[in-house]
Amino acid sequence: MSPTRRTFLGTTASTLAAAAAALARPTDAAAALAPAITTGKGRPAVVASENGLRGVAKAREMLLAGRDPLDAIIAGVNIQELDPEDNSVGLGGLPNAEGVVQLDASVMHGPSRRAGAVACLEDIATPSLVAKAVMDHTHHVLLVGRDARRFALDLGFTPQNLLTEASRQAWLRWRATLNPRDAWRDDVDPRAVPFRTGTINMNAVTAAGDLASCTTTSGLAYKVPGRVGDSPIVGAGQYCDNTVGAAGATGLGETNIKACGAMLLVEFMRQGTDPQAAALKVLERVLSLAEPRQLDARGRPRFDLTFYAVHKDGRTAGASFYEGAQYAVADDAGPRLEPAAYLFRRGERPA
Ligand code: GLY
């Protein structure tokens with residue numbers, strides 16, 4: 001860890017001043033500095049990545065109507081999976097290097113202690129529902145590739161072309177930047193090419209304290225065909241323990257898989273750490289496991305990762321490496337975006 005590294009929590013000037021005093025102090029100091037959680041206004045509560053704003057509203061409505069927490073969050077993430085404008089998930093997701101959309105998803109249901117997942121799934125817009133079907137209809141946890149697709153078709157899911165024209169154009173632009181000496185057009189500004197690891201994670205606790213978690217994604221844009229990220233990995237992309245809480249992640253999956261981030265976050269909450277401090281501690285762990293090529297000279301990450309958490313008692317949190325990330329919450333105070341806690345100021349981000 002760089003000695004110049006700073007730990008910043010929250011967004012108020014006083015919080016920043018306190019955090020500045022904590023230069024190079026370890027995670028426990030960061031946890032001690034965490035401001036009171038302002039978003040945990042009681043159950044039912046739903047927390048998600050920023051693109052889940054509509055979804056958390058939908059999920060909380062369903063929880064207030066007494067619906068199962070997993071059904072509620074899957075209905076929430078389905079909004080993004082079916083939205084062709086969200087190019088990080090489902091229909092319209094950015095494709096792999098060969099122009100094929102391959103989707104990953106996983107779910108956990110706290111009350112029944114079950115899990116389901118799919119990876120490299122093609123042609124089905126709602127992998128979250130296929131993950132739930134793996135959980136409901138088999139004794140397995142994870143199905144992949146062609147066989148996951150066949151499983152979905154057997155259960156009545158409808159296949160469709162998931163590559164929208166906008167995502168196909170983005171893929172063509174990406175391909176044009178690969179090699180200036182190849183035969184493809186090379187007059188494309190690489191900065192105009194969206195290259196991202198979007199995803200949606202959503203977690204919920206019911207009025208009675210039951211929990212569920214779900215993450216679904218099209219994964220890293222232009223990935224090597226067959227690449228699987230953290231989203232379908234139970235314990236990395238999402239995790240839920242009905243006695244403690246639920247958590248999940250968005251961002252560069254390879255960095256999270258090594259830390260088993262979602263499970264670690266829940267374990268920190270089990271030890272009594274509040275959700276926000278727990279999420280920051282997981283980011284510290286991810287950083288400690290990152291490879292030199294993924295860090296700048298001062299030890300700051302060249303990648304993004306954000307964690308989201310809900311405690312069984314209804315507290316929610318989101319935390320990211322860099323200032324500026326937001327997360328979606330719906331609790332007693334209604335659906336809204338909240339600023340995520342962070343480890344590094346926006347201006348400290350490597351170019
Ligand atoms: N977190 C999504 C991915 O890396 O695939």
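Every heavy atom of this structure was used, including side-chain atoms; hydrogens, water molecules and symmetry mates were not. Counting convention: from 1, in listed order, for ligands and their atoms alike.
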Ignoring hydrogens and angles, state whether a donor on the side chain of [X] or [Y] is under 3.5 Å from an acceptor on the partner side chain.
{"X": "Thr199", "Y": "Thr217", "result": "yes"}
{"X": "Asn242", "Y": "His109", "result": "no"}
{"X": "Asp86", "Y": "Gln80", "result": "yes"}

_Inter-residue atom distance Ile74.CD1 - Leu70.CG, 0.5 Å rounding_ = 4.0 Å
_Taking ring pair (Phe, Tyr, Trp, His ring centres under 6.0 Å) as the cut-off, I'd like each qualifying pair that reaches into residues 281-312, sequence neighbours left out, listed once._
Phe303-Phe321
*Decide whether an N or O pair under 3.5 Å exists between Gly253 and ligand 1.*
yes
*asked:* If I apply the N/O under 3.5 Å rule, does Asp230 come out as touching ligand 1?
replied: yes
*List for me each residue that meets salt bridge (Lys or Arg N to Asp or Glu O under 4.0 Å) alongside Arg346, sequence neighbours excluded, and say none if there are none.*
none
*Does Leu220 approach ligand 1 within less than 4.0 angstrom via side chain, backbone, both or neither, non-hydrogen atoms only?*
backbone
*asked:* Heavy-atom pairs closer than 4.0 Å: do any link ligand 1 to the side chain of Arg227, the backbone, both, or neither?
replied: side chain
Taking only heavy atoms of [X], which atoms of ligand 1 are found under 4.0 Å from at least one of them?
{"X": "Gly251", "result": "1 (N), 2 (C), 3 (C), 4 (O)"}
{"X": "Gly219", "result": "5 (O)"}
{"X": "Ser231", "result": "1 (N), 2 (C)"}
{"X": "Gly229", "result": "5 (O)"}

*Out of Thr199, Thr216, Thr215, whose heavy atom is nearest to atom 2 (C) of ligand 1?*
Thr199
_Looking at Arg315 and Asp313, is any side-chain nitrogen of the basic one under 4.0 Å from a carboxylate oxygen of the acidic one?_
yes
